Structures are given as C-alpha cells and as structure tokens.
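Read the structure below first, then the notes.
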Amino acid sequence: MSDSWVNEAERIGADLHLELSGPGGRRAALIRALREAVRSGRLAPGTRLPPYRSLAADLGVARNTVADAYAELVAEGWMTARQGSGTRVADRAEPLEAAARVPKKSPPRARGPRYDLRQGTPDASAFPRAQWLASYRRALQQAPNEVFGPGDPAGRRELREALTEYLARARGVRTAPERIVICSGFAHALRLLFQPSGPGGGTAVLRGPLAVESYGLGFHRDLLTAAGVRTVPLPLDEDGARVDLLASERAVLLTPAHQFPTGGPLHPARRAAVVDWARARGGLILEDDYDGEFRYDRKPVGAVQGLDPERVVYLGSVSKSLSPALRLGWMVLPERYVDGVLAAKGEREAWASVLDQLSLADFVARGAYDRHVRRMRQRYRSRRDRLVAALAERAPHVGVTGVAAGLHAVLRLPPGTERSAVKAARWQGIALDGLAEFRHPEAPTAVPDGLGGSVRAGGGLVTDGLVVGYATPSEHAYAAALEALCGVLPPA
C-alpha cells in the first residue's frame, strides 16, 4: 500500500453508507442517520467524516444540507471540527449504546496444544517470506491485464510450464503443460475425479470401486465415500502395498514414494507390477506424491508416472514443501482424462488464486523453490536425527520406523499401549495421532515394523504405534516438544 494512497484516504475521510428517511426533510434525516451510526458503533470515536462536497454528492443532497447537519452535531457534542483536520466523531469512552450491544470481554478462545507433533504440516515459521514476496511482486508487476479477468480452469500456463520442467527434473514425471490441471490440493483433485458434476449431477470422471492402501488418511476415505466410491484396502508388507491382490478394481490409489503413514517406498518390482496390471486390465493408478522431495537416507525414488504416463494420474501440491495455506496443487493427467476434469472443474477457475499461481511459477522458474526444498531437507533431517537420538536415550524400547524420508515417523509401542499413550499425550498438551487412526476399517490390525527403514526394529508386526510429525514445531520449541514426548511414552 503506497503512502500516497494512505494520505489520500486520510484527506478524504471515511466512506459512509447512510439511509435517509423519516419526517423533517433531508437535513433532519441526515442528522438522525449520523447519530444512529455513532450510537451503534459503526462510526468509531475519531473517525474522520467525508467533506461536505463528497457526502452531498453520494447522498444526492445539497452541500449546505450536509454543512448544516455537521454544524448541529458539532454543537451537540457528537462531532468535533478543527481547521485543517476536518470533521470527526467526538472522542468518548465508547459509543453511547455499545455497552448494551457488545460484551466488554470476548469469550475465551479454546487453547491449542502446547506441542504440535501432528503429521502433515511443515514448519510454518520457515516459510520463505522474502523470496515469496519478491516473486509475488514480479508476478503482479508483469501480469497482463487479462490475468485480472476470469481464470482458465486448467490454471495459468506459466505455472504449468514451470511445473513441466520441474517435475521432469526432480521427480521423473513425463508430461506437457496441456496435460497439467492446477487445483487447490489433493482433496480437491479427488473431488474433481470422483464426484459427479455438471447440471443435475453428471457422470464422474472416474468410478469405483477404488483400491487403497490399508493405512491412509481417513479424511480421503470419507471424501470418497461421500462421492459414492467404495474403497477396498490392500494389505501392506515390507515391500509396500500388495498390488498382486488387485482384483476387480479398475483404479488404485498409492503413495509409492513414501507410504503414508508407515513410511516405506513401493518396491521396484511392485512398481513395475502395478503398471503391468493397469495395462492388462485397462486400469488406472492414482499416485499421491505428497512429500516426495524429502528423502534422507536413500537415493531419490522417482514417480511411477514416468513408467507409463497414460496409466497414471500424478497428484502433488505445495502443502508439505511450502505451506498448506497457499492452496496450490496439480494433476498430471493421461490425455484422455483432461477434458473430463476440466468439465468437472467448470468454466471459471474458482479455487486457486491466479496471482498465487503466477507467483509460484516465478518461484519455481528462478530456482527459489529448489533452494527452499534443499534447505528444509537439511532442517527436517536434523530434526529426524534429534528425535531418534532422544528416543534412544530416554525410551530405547520404542522402535522408530519410516524415517528414511518424509516429515513424520512411526513409533512402535508395546502391544496394548497406543490408546493410553495418546491419552497421556493429550493430557500433557501434546497433539499427535495413534497409528490406528489411519487404518482402513476393513484392513488387518498390524503392519510390518520394518517398513520404510527402521531403527531398532525387532522384526515382526506393529499393532500399536504413534505417528509423530517432526516438521510442525518451530525450531525454538522442538527440544521441549521432544522432552514432553519422551515423558508420555509407555515403559518397556
């Protein structure tokens, strides 16, 4: 906001909406309306009123009518007038009837957790504000006029071109800008694919049943159920999802780079096997690459989409890498699904801000996104190491799995202790999730404890565990969060 704009607003005074009605003519009606605006609190003490000419033009009355009304209200003490300062609402402790209308004290807010160790969000304090602001300014300054009109349902081409280059380089995705559709995140993508759309609720782009991993986000399962899609759980073992058990399903949803929440990558043989299944059965793979950029103890695992772009829908977002507040994600689609998704989305972009899209395009194209990811990869690896070290010292009986990549770990607990550990954490102001929260209702009650890389794993099945996010706390709060976590873990 420029200084000249602020100064002009201060010179002109506040904009007013006044209803002039009742007996006594326009002058009397204006006086009543201004008194009521002050009584109700709409005009706060010190508010500068518009000049006579401006208010008279807005209300369609003579300038002298406004001047006379102001003069009477000044005489009554409702207003003050000083040379060079204009007419203002008189200072008073509070508007005359505000005490009767507004409680003096707002109801207390519900307190959040002392320590937030929930999975799924990055460190909000690490958002690259200066670099993002620079990209936003460039985007705003360079944006053509048509940017400020209705948007393209596919998303800005500048962003789709930047993503085409980045995803090919960083994730092994093979695509073109015409096959990328910008959305507001993974949940929005699922809605576009599965929920009926159009007048009268037309046919959805995809139909169920849908095979899913036996552990995943319940929110996504609920979303699919609401769309009338039946989900069928695939068991997990040390090589990831049992894709060999795919039966009559025509589509499967996987997190192959880093199974959520247990943490392991899908074995290369199974990656090839699920692509073969899709080719043979005319099936489709939905690839949720939710945190594929963050790997620590292994070589990068590329996207399954690179094996067959016509059999895989690749889904990604900036929710983990930058911030969920940006509401920016993308779908990389087989060519045959592009038109259907765009029809489901509608003729006008109503989800992702065009200016945010242009800012992200600049952020990616200038290399700022790569630099931010590298910096955060180092920070999160350090936090992962501190978590493992704290557990080794304070709770050596607790195994840690799923730590080779991502922003969370699974702590293996003694059988029968998960519920009490979650309850104890809640009592101590620690927000985290039990492993059972992510299990499909029809899935087995255990997963291999060595899935995805493990520390001190004993070789067997995990029936009780905690899913601990180590990215969410700010840097200064992390040590205290670890101390509190170790204090609520069950004994050996």
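Treat the numbers as computed from the prediction; the structure is a model and nothing was measured.
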Greater than 12 external heavy atoms within 6.0 Å of Glu165's CD: yes
Residue pair Leu360 / Val318, side-chain heavy-atom distance below 4.5 Å: yes
Donor-acceptor under 3.5 Å (Glu293 side chain, Ser321 main chain): no
Derivation of the side-chain contact (heavy atoms from CB on, under 4.5 Å) call for Leu286 and Leu193: CA-CA 10 Å; Leu286 306 184; Leu193 290 168; 4.3 Å; yes
Listed partners of Glu158 passing side-chain hydrogen bond (donor to acceptor under 3.5 Å, both in side chains), at least two apart: Arg156
Where Ser319 and Pro122 come nearest, the two heavy atoms and their spacing: O-CD, 3.2 Å
Closest non-hydrogen atom pair, Phe194 against Ala204: O-CB, 3.1 Å
Other residues, nucleotides, ligands: >12 heavy atoms within 6.0 Å of Glu393 CD: no
Residues Glu36, Arg42: salt bridge by 4.0 Å N-O rule: no
Arg157 atom CZ: more than 12 heavy-atom contacts under 6.0 Å: yes
Worked check of salt bridge (Lys or Arg N to Asp or Glu O under 4.0 Å) between Arg384 and Asp297: CA-CA 11 Å; Arg384 187 278 312 261; Asp297 300 331; 2.8 Å; yes
Contact check, side chains of Leu315 and Val313, non-hydrogen atoms, under 4.5 Å: yes
Any donor-acceptor N/O pair, Gln357 side chain to Ala352 backbone, under 3.5 Å: yes
Flag, side chain of Lys320 to backbone of Gly406, donor-acceptor distance under 3.5 Å: no
Min side-chain heavy-atom separation Val89-Met79 under 4.5 Å: yes
Backbone of Leu407 reached by a side-chain donor or acceptor of Gln119 within 3.5 Å: no
CZ/Arg137: more than 12 non-hydrogen atoms of other groups inside 6.0 Å: no
Contact summary for Thr164 and Pro177, nearest pair of heavy atoms: OG1-N, 3.4 Å
Closest non-hydrogen atom pair, Leu254 against Glu213: CA-OE2, 3.7 Å
Residues which pass side-chain hydrogen bond (donor to acceptor under 3.5 Å, both in side chains) with Arg383, listed by chain and number, not counting sequence neighbours: Asp123, Glu475
List the atom pairs, donor and acceptor, that lie under 3.5 Å between side-chain atoms in residues 220-227 and the rest of the protein, sequence neighbours left out.
| residue | atom | partner | partner atom | Å |
| --- | --- | --- | --- | --- |
| Arg221 | NH1 | Gly216 | O | 3.3 |
| Arg221 | NH1 | Phe438 | O | 3.3 |
| Arg221 | NH2 | Arg439 | O | 3.3 |
| Thr225 | OG1 | Arg221 | O | 2.9 |

Any donor-acceptor pair under 3.5 Å from Arg160 side chain to Gly155 backbone: yes
Val373 vs Leu322, side-chain contact (heavy atoms from CB on, under 4.5 Å): CA-CA, chis, key distance, verdict: CA-CA 8 Å; Val373 167; Leu322 279 172; over 6 Å; no
Main-chain N/O of Val398 paired with Arg412 side-chain donor or acceptor, under 3.5 Å: no
Flag side-chain contact, heavy atom, 4.5 Å: Leu284 against Val312: no
Euclidean distance, Arg366 CZ relative to Arg371 CZ, rounded to 0.5 Å: 10.0 Å
Contact list for residues 304-316, test side-chain hydrogen bond (donor to acceptor under 3.5 Å, both in side chains), sequence neighbours left out: Arg179-Glu310, Arg279-Asp308, Asp289-Tyr314
Heavy-atom check, side chain of Leu466 versus side chain of Asp433, under 4.5 Å: no
Sub-4.5 Å side-chain heavy-atom contact between Pro473 and Tyr478: yes
Donor-acceptor contact present, side-chain Ser40 to main-chain Ala37, <3.5 Å: yes
Contact summary for Asp356 and Leu328, nearest pair of heavy atoms: O-CD1, 3.7 Å
Heavy-atom donor-acceptor pair, Arg171 side chain to Ala168 backbone, under 3.5 Å: no
Derivation of the side-chain contact (heavy atoms from CB on, under 4.5 Å) call for Trp132 and Ser359: CA-CA 7 Å; Trp132 183 262; Ser359 301; 3.6 Å; yes
Near-ring test Tyr215/Phe260, centroid separation under 6.0 angstrom: no
Test item: Arg169 and Asp370 side chains (from C-beta on) under 4.5 Å apart, heavy atoms: yes
Over 12 non-hydrogen atoms of neighbours within 6.0 angstrom of CZ in Arg336: yes
Heavy-atom closest pair, residues Ala361 and Ala162: O-CB, 4.0 Å
Worked verdict on Gln378 versus Tyr296 for side chain to side chain donor-acceptor pair (under 3.5 Å): CA-CA 8 Å; Gln378 294 173 354; Tyr296 313 119; over 6 Å; no
Short side-chain donor-acceptor distance under 3.5 Å, His372 and Arg375: yes
Flag, side chain of Thr175 to backbone of Val332, donor-acceptor distance under 3.5 Å: no
Evaluation steps, side-chain contact (heavy atoms from CB on, under 4.5 Å), between Val400 and Leu391: CA-CA 8 Å; Val400 189; Leu391 292 170; 3.4 Å; yes
Residues in side-chain hydrogen bond (donor to acceptor under 3.5 Å, both in side chains) contact with Arg295, at least two apart in sequence or another chain: none
Check: Asp339 and Val341 side chains under 4.5 Å, non-hydrogen atoms: no
His258: partners by side-chain hydrogen bond (donor to acceptor under 3.5 Å, both in side chains), with sequence neighbours left out: Tyr290, Asp291
is_close_aromatic(Tyr470, Tyr380), centroid dist under 6.0 Å: no
Check: Ile430 main-chain N/O paired with Arg114 side-chain donor or acceptor under 3.5 Å: no
